Amino acid sequence: MRSVWLIFQREFQAYWTSPVAYVVLAMFLILSGFFFFGEFSRFVDFSQRGGSGVDVNQMLIRPYFYTVSVMILFLLPLVTMRLFAEERRQGTLEVLLTTPATEFSLVLGKFFAALGLFAVMMLGSVVHIGLLFIFGSPDLAPVLTGFLGLFLTGAVYIAIGVLLSSLTQNQVVAAAISFSLFLALWLFYWIGGLTSGSLSKVLLYTSLAGHFENFGRGVLSSSDFVFYLSWIVAGLFGATQVVQSTRWKA
Amino acid sequence: MIEVRDLVKKYGSVVAVDGVSFDAAAGSIFGLLGPNGAGKSTTIGCISGLLRPHAGTVRVLGHDIVGASTKAKKELGVVPQEIALYEDLSARENIAYWGGAYGLSGPDLKRRTDEVLALVGLADRAKEPIKKYSGGMKRRLNFACGIVHEPKVLLLDEPTVGVDPQSRVNILDLVRSQAQTGTCVLYTTHYMEEAEALCDSLAIVDGGKVIAQGTMRELRQRTEERDLLRLNGQFDVPHIEKKLHDLDHIEIIQIHETQITIAAGQGGNRLPEILGAIGETGADIRETTLSQPNLESLFIKLTGKELRE
Ligand SMILES: Nc1ncnc2c1ncn2[C@@H]1O[C@H](COP(=O)(O)OP(=O)(O)O)[C@@H](O)[C@H]1O
Ligand SMILES: [Mg+2]
């Protein structure tokens, strides 16, 4: 497991020596900040005009989490695209496979590095929501579950992104496929709502959006956890299999 | 230290390695000599644990590369044919990374990184991003990354292809000094001169098979005392075959309409006689090459074709 740490360090540093981390962070901070402060001023306006029964959790925090969860759908493919694709293009993957490091430790190290960058992005959101606690007193529980849901959603995107990056040596292809797939997973929710019967059930269950909504409402259920974890495990397991299959053809 | 038995590796229907067996010993350089596509890289891939063999076994210091892969891999250093470096890192960072991948850390890693940087002559440019490096410098760095952890077994896949003469000398010296310190070196090449200059023993491979194997001395003896005469031009094949048949102590190794290869004892002295006989057929000889017996002539004798095509 030393090699997990080695790969993590290497990949996490690589984010900061290339433009990736800065571009993704800047885009995230600008977009989420724009949304947050827009909604924030609308909310302040509303409550100053004596809007009764205004609930900051209901009116501001839930839409914020929801919007951020959509933003990362666009941004995380940029974070995961290079992880294995670049390694394949440079020919370093084949040499890594001759070292004592196992395929799974390579996958895990890269997964955690991307998760690390995602955690840095989330700090921006912590500041946003933190401001609300300075000026008011929102309910803490839905905030915590919201962050947990956001983090798990990001982890699913990253795990699948790692898998897709392992399939190609072209970063752009990896990003494009990741993005399309995430969008599809998200849209299942609406399509599922429009249809009925067992197909609808499957779509609704597979979609990330429905499970995320529970977290936003402050509801923690083990079935949602299992759902997210299965996606993460599937992504990481799949990536390990793909990297292993390199041994047969190379 | 390396023990390869009846190794077979296929890519789909292509049999890239077809029943290869050999042993390589500590403190010596074992060569795999063969033309492009002979299966050298595939053999190295199977020994290094990158590729799964379809049949046969590979042992590294007694550890089976499939059954006990982690133990076997710890003893190995691999320098791949294609340069495999991180373009965004400096030379020092690249070496440190590969050292780390083999479990080095702390002061040991720092000491070894400094040592190999000096060995490959990159110490004064170690901090530059390697994007600016020349091909020869990258080759030397690629080499450094493979020896940073002082492996007991070193696999080198054509480490001098495409380098400047100076880097080539540097790399060949490094290979020799690795063997002198007790490392078992497996060296693949398609340069006959390199194999002759470097290797203690050798397997000549072609089409995935070992066609000759032994110590350098044994192989030199097998090349006999005959010289090789190669003619390029325009030839009437049946006519020439008949003419040469009448001459004593001459063997046609290979004959085409544009090229003939002949083995003959004392080839230099017999040149007028042979050229005369061929000339009588009305052949148009454009180029003649006479070469001393060497590994190349052994390869030509065994396969009927040249090593470098
Ligand atoms: N990834 C691959 N897929 C299919 N065929 C391959 C692959 N790699 C090598 N080969 C084939 O296997 C044979 C041996 O190749 P290789 O081991 O690279 O030879 P060498 O290193 O001696 O030049 C060649 O015929 C080559 O075309
Ligand atoms: Mg090769």
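Note that the structure is predicted; figures quoted are calculated from it, not measured.
The two atoms that bring B:G103 and A:R2 nearest to each other are O-NH2, 3.5 Å, heavy atoms only. Nearest heavy-atom pair, B:L50 versus A:E94, reported as atom, atom and distance to 0.1 Å: CD1-O, 3.5 Å. Minimum interatomic distance between A:G91 and B:A84 (heavy atoms only, all atoms of both residues): O-CB, 3.5 Å. A:Q90 approaches B:E87 most closely through the heavy-atom pair OE1-N, 3.3 Å. Between A:T98 and B:Y102 the shortest heavy-atom distance is O-OH, 3.6 Å.
A search for side-chain hydrogen bond (donor to acceptor under 3.5 Å, both in side chains) contacts involving A:E87 returns A:T92, A:K110, B:Y86, not counting sequence neighbours. Taking B:R59 as the reference, nothing meets the side-chain hydrogen bond (donor to acceptor under 3.5 Å, both in side chains) condition, with sequence neighbours excluded.
Within a 6.0 Å sphere centred on CE of A:M27, heavy atoms belonging to other residues, nucleotides or ligands number 12 at most. Around atom OH of A:Y22, more than 12 heavy atoms belonging to other residues, nucleotides or ligands sit under 6.0 Å away.
Heavy atoms of A:L93 lying under 4.5 Å from chain B are absent altogether. Using a 4.5 Å cut-off between heavy atoms, B:L85 touches chain A through its backbone atoms (N, CA, C, O) alone.
The candidate from A:L96, A:I7, A:T102, A:L97 with the greatest count of non-hydrogen atom pairs under 4.5 Å with chain B is A:L96.
Put simply, the side chain of A:R10 reaches to within 4.5 Å of the side chain of B:L89, judged on heavy atoms.
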